[in-house]
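Everything below concerns the one structure shown next.
Throughout, numbering of the chain's residues begins at 1 and tracks the sequence. Treat the numbers as computed from the prediction; the structure is a model and nothing was measured.
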Amino acid sequence: MIVIKFGGHAMNPERSAPWLREMAERWKSGERFVVVHGGGPQIDKELKTRGISSEFKDGYRITTPEIMAVVEMVLTGSVLRSVVRLMELVGLRPVGITCGDGGLLHVRIKDNGAYGLVGEVVSVDGSIIETLIADGFLPVISSVGHDQYGQPLNVNADIAAGAIAGALHADQMVFLTDVRGIYERWPDEESLISEITAVELESMSFAAGMIPKVEATLNAIRSGAKSVRIIDGTSESAFTDALLGKGGTWVKP
């Protein structure tokens, strides 16, 4: 089982086609995947169109009720549907769901609302994923959840993917993002970390943009994922290389 986090910067149909075709071939041969998608650039575009300003803190988008309405519309609407269509074009059988569907993620407001309507994962129930896969479908998960009162919450897609990978005891968690991996001194490209243990990673400090990726990586491994690889989702060959155990940043227990 491989869990893939598909970042919004990597959602270019031409760039996505090679790794999606690779996924389809491996699915036919028996490999199984779960995809969790983000959509930061798409959210930014819609917010700009509406004249709504947005800011980040510690790598998380401060999510007001007004911004939450846009996040939910974009992620569970246009982005989720576009990812499903891309996968159907290569012969896969994707089913789009959200983090709140079927009780997949139990979430609550993060840090008493310090980031607005941002959710943190409390627990994972992977039964809906297991059911879909058993029936021959590939789960595609949008990173919008809700709390026990039905309040929609913006769940960071990296964090959601890491939690799901851990709960499923995934053989590998692959982050398809807009950078080549985790950088010790972001944005210094010479500081790319090629291989590191979770213990070593936990002892380090990182720039804000790296924090959710590092947090998600550590959470995935602590929860049961066997390894994590962070790669450049805009590279045609990076995904194939990742499946072969090469490239990006490889994090092991």
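- Cluster annotation: W250 is not connected to V214 through the hydrophobic network of ILVMFWY side chains, with a link wherever side-chain heavy atoms come within less than 4.5 Å.
- Across all their heavy atoms, G40 and R61 have their closest contact at O-NH2, 3.5 Å.
- A continuous path of Ile, Leu, Val, Met, Phe, Trp and Tyr side chains, each step under 4.5 Å between heavy atoms, connects I52 with V79, placing both in one hydrophobic cluster.
- Linking ILVMFWY side-chain heavy atoms closer than 4.5 Å, directly or via other members, places V74 and L153 in a single hydrophobic cluster.
- Using a distance-only test at 3.5 Å, with no hydrogens or angles considered, a donor-acceptor pair links the side chain of D171 to the main chain of M1.
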Applying side chain to side chain contact (heavy atoms under 4.5 Å, CB included) to I109 and L117, what does each step give before you reach the verdict? CA-CA 6 Å; I109 290 182; L117 297 176; 4.2 Å; yes

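- Using a 4.0 Å cut-off between charged side-chain N and carboxylate O, E25 and R21 make no salt bridge.
- Ring planes of F6 and W19: perpendicular class, angle over 60° (limits at 30 and 60°).
- Tested against T131 for a side-chain contact (heavy atoms from CB on, under 4.5 Å), the candidates D135, I129, I128 yield a single pass: D135.
- Nearest heavy-atom pair, K226 versus P253, reported as atom, atom and distance to 0.1 Å: O-CD, 3.2 Å.
- No donor-acceptor pair closer than 3.5 Å links the side chain of D111 to the backbone N or O of G113.
- Note on K5 versus D158: salt bridge recorded, some NZ/NE/NH1/NH2 to OD/OE distance being below 4.0 Å.
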Show your working on side chain to side chain contact (heavy atoms under 4.5 Å, CB included) between L138 and V34 and close with a plain yes or no. CA-CA 6 Å; L138 193 159; V34 175; over 6 Å; no

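- H106 places none of its side-chain heavy atoms less than 4.5 Å from the side chain of V121.
- Looking at every heavy atom in both residues, S143 comes nearest to G38 through OG-CA, 4.4 Å.
- The closest donor-acceptor contact from the side chain of S142 to the backbone of L75 lies under 3.5 Å.
- Taking 4.5 Å as the limit, some side-chain heavy atom of R85 sits within range of a side-chain heavy atom of S82.
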Assess the residue pair E120 and N156 against the criterion (side chain to side chain contact (heavy atoms under 4.5 Å, CB included)); give the C-alpha distance rounded to whole Å, side-chain angles, the decisive distance to 0.1 Å, and a yes or no. CA-CA 8 Å; E120 66 177 357; N156 179 276; over 6 Å; no

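- I211 and Y115 are assigned to two separate hydrophobic clusters, defined by single-linkage of ILVMFWY side chains at heavy-atom distances under 4.5 Å.
- Put simply, NE2 on H146 and CG on D101 are 8.0 Å apart, with the number rounded to the nearest 0.5 Å.
- Proximity of I164 to I141: side-chain heavy atoms (C-beta onward) are separated by under 4.5 Å at one or more points.
- Put simply, CD1 on I221 and CD on E202 are 10.5 Å apart, with the number rounded to the nearest 0.5 Å.
- M204 and V179 fall within the same hydrophobic cluster, where Ile, Leu, Val, Met, Phe, Trp and Tyr residues are linked whenever their side-chain heavy atoms come under 4.5 Å apart, directly or through other members.
- Of the possible polar contacts, none joining the R32 side chain to the I133 backbone as a donor-acceptor pair under 3.5 Å is found.
- Residue E184 holds its CD atom at 10.0 Å from OG of S205, rounded to the nearest 0.5 Å.
- Under the 4.5 Å side-chain criterion, counting only non-hydrogen atoms from C-beta, Q172 is not in contact with V228.
- S54 pairs in a side-chain contact (heavy atoms from CB on, under 4.5 Å) with only one of the listed residues (I67, V71, T64, I43), which is I67.
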side-chain hydrogen bond (donor to acceptor under 3.5 Å, both in side chains) evaluation trace for T249 with R229: CA-CA 5 Å; T249 298; R229 193 175 293 272; over 6 Å; no

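- Side-chain contact between L176 and I4: present, with at least one pair of heavy atoms (C-beta onward) separated by less than 4.5 Å.
- A donor-acceptor pair shorter than 3.5 Å can be found between the side chains of E200 and T197.
- Checked for salt-bridge contact, K252 and E195 meet the test: a charged N lies under 4.0 Å from a carboxylate O.
- When side chains are defined from C-beta on, M23 does not count as touching V90, because their heavy atoms never get closer than 4.5 Å.
- By the 6.0 Å and 45° rule, R93 stacks over the aromatic ring of F137.
- Atoms NZ and CD, from K57 and E55 in turn, are 9.5 Å apart once rounded to the nearest 0.5 Å.
- Shown here is E31, whose CD atom has more than 12 heavy atoms of other residues, nucleotides or ligands within 6.0 Å.
- With a 4.5 Å cut-off on side-chain heavy atoms, V3 and F33 do not count as touching.
- Here D232 does not pair with R180 in a salt bridge; the nearest charged N to carboxylate O distance is not below 4.0 Å.
- Side-chain contact between Y60 and I159 is present, with heavy atoms from C-beta onward closer than 4.5 Å.
- Closest of all the heavy-atom pairs between W27 and G136 is CZ2-O, 3.9 Å.
- The distance from atom OG1 of T98 to atom CG of L105, rounded to the nearest 0.5 Å, is 8.5 Å.
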Kindly indicate, with the supporting measurements, whether the criterion side chain to side chain contact (heavy atoms under 4.5 Å, CB included) is fulfilled by Y183 and D188. CA-CA 7 Å; Y183 293 85; D188 177 8; over 6 Å; no

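- Interatomic distance, CD of Q42 versus CE of M73, reported as 11.5 Å (0.5 Å rounding).
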